Amino acid sequence: VQLQASGGGLVQAGGSLKLSCAASGRTFSNYVVAWFRQAPGKEREFVAAINWSGSNSYYVDDVKGRFTISRDNFKDTVSLQMNMLKPEDTAVYFCAADEGRYSINHALGVRRMDYWGKGTQVTVSS
């Protein structure tokens, strides 16, 4: 499956952005999709993930209550609505997919994911 992330940009602290991940090539509903981010000089880290049907999702503690992940299997897209953004959210955001119809109850590791899209830059100014 091919993934393309979009929607990044520059926003002031407290603002909002919506990232989108468009998929193509295979049956999208067979995949768990996750968002990761990587800040300069830091390792890539898990942000949120959603299961194949959209009925289950998991977030890293830092974004709970601020970010919402959702998916539309008819449009083969996964979105990440980011509200109340903070300067520490500044990073390149990546969407990734892992084949499987399973529920998510913990953060997914980078090595777990089979497919990656190119990142989109999110910059939050203070």
Side-chain angles (χ1 to χ4, degrees):
V1 64
Q2 291 80 46
L3 304 172
Q4 179 65 52
S6 62
L10 173 64
V11 65
Q12 288 187 332
S16 299
L17 281 175
K18 186 174 183 178
L19 305 184
S20 293
C21 178
S24 61
R26 294 193 178 183
T27 304
F28 186 57
S29 61
N30 286 338
Y31 293 83
V32 166
V33 178
W35 287 95
F36 291 76
R37 65 186 179 187
Q38 187 166 17
K42 295 188 177 181
E43 294 186 353
R44 193 169 299 187
E45 64 175 7
F46 172 86
V47 176
I50 191 165
N51 75 332
W52 65 277
S53 66
S55 62
N56 160 250
S57 57
Y58 188 87
Y59 300 88
V60 68
D61 285 347
D62 184 46
V63 307
K64 284 181 181 177
R66 300 191 298 123
F67 291 11
T68 303
I69 190 170
S70 60
R71 70 187 295 159
D72 185 336
N73 286 341
F74 292 103
K75 296 182 179 179
D76 290 350
T77 58
V78 170
S79 297
L80 184 69
Q81 177 67 47
M82 306 186 295
N83 299 327
M84 295 182 287
L85 283 161
K86 305 175 183 179
E88 49 265 45
D89 294 319
T90 295
V92 178
Y93 283 69
F94 300 87
C95 60
D98 178 35
E99 188 169 7
R101 291 189 166 192
Y102 57 86
S103 295
I104 310 145
N105 54 19
H106 58 81
L108 301 179
V110 169
R111 295 183 179 181
R112 176 70 181 263
M113 312 310 290
D114 298 321
Y115 303 94
W116 291 85
K118 292 183 179 179
T120 184
Q121 176 71 46
V122 172
T123 303
V124 184
S125 63
S126 58

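Computed over heavy atoms, backbone and side chain alike; hydrogens, waters and symmetry mates excluded. Every value quoted in this text rests on a predicted model; they were computed, and no experiment measured them.
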Backbone N/O of Asn56 and side chain of Asn51: donor-acceptor pair under 3.5 Å: yes
Donor-acceptor contact present, side-chain Arg71 to main-chain Phe28, <3.5 Å: yes
Between [X] and [Y], is there shared hydrophobic-cluster membership here, with clusters defined by ILVMFWY side-chain heavy atoms closer than 4.5 Å?
X      : Y      : answer
Trp35  : Trp52  : no
Ile104 : Val110 : yes
Tyr58  : Tyr102 : yes

List the atom of [X], the atom of [Y], and the distance in Å for their closest heavy-atom pair.
X     : Y      : value
Gly8  : Val122 : CA-CG2, 4.1 Å
Pro87 : Ser126 : CG-CB, 3.8 Å
Ala23 : Leu3   : CB-CD2, 3.8 Å

Inter-residue atom distance [X].[atom1] - [Y].[atom2], 0.5 Å rounding:
X      : Y     : atom1 : atom2 : value
Lys118 : Cys95 : NZ    : SG    : 12.5 Å
Lys18  : Thr68 : NZ    : OG1   : 10.0 Å
Met84  : Phe67 : CE    : CZ    : 9.5 Å

Any donor-acceptor N or O pair under 3.5 Å, side chains [X], [Y]:
X      : Y     : value
Arg101 : Asn30 : yes
Ser79  : Gln81 : no
Ser53  : Ser55 : yes
Ser16  : Asn83 : yes

Lys/Arg-Asp/Glu bridge criterion (N-O < 4.0 Å) met for Asp89, Arg37: yes
Short N-O contact, Arg111 and Asp98, less than 4.0 angstrom: no
Is there a side-chain contact between [X] and [Y] in this structure, where contact means two heavy atoms from C-beta onward sitting under 4.5 Å apart?
X      : Y     : result
Ser57  : Ile69 : yes
Leu19  : Met82 : yes
Leu108 : Val32 : yes
Phe94  : Gln38 : yes

Ring centers of Phe36, Trp116 separated by less than 6.0 Å: yes
Atom NZ of Lys64: over 12 foreign heavy atoms under 6.0 Å: yes
Side chain to side chain donor-acceptor pair (under 3.5 Å) between Gln121 and Thr123, worked out: CA-CA 6 Å; Gln121 176 71 46; Thr123 303; 3.3 Å; yes
Within 45° cone and under 6.0 Å: Arg66 NZ/CZ vs Tyr59 ring: no
Cation over ring face, Arg44 and Tyr93, 6.0 Å, 45°: no
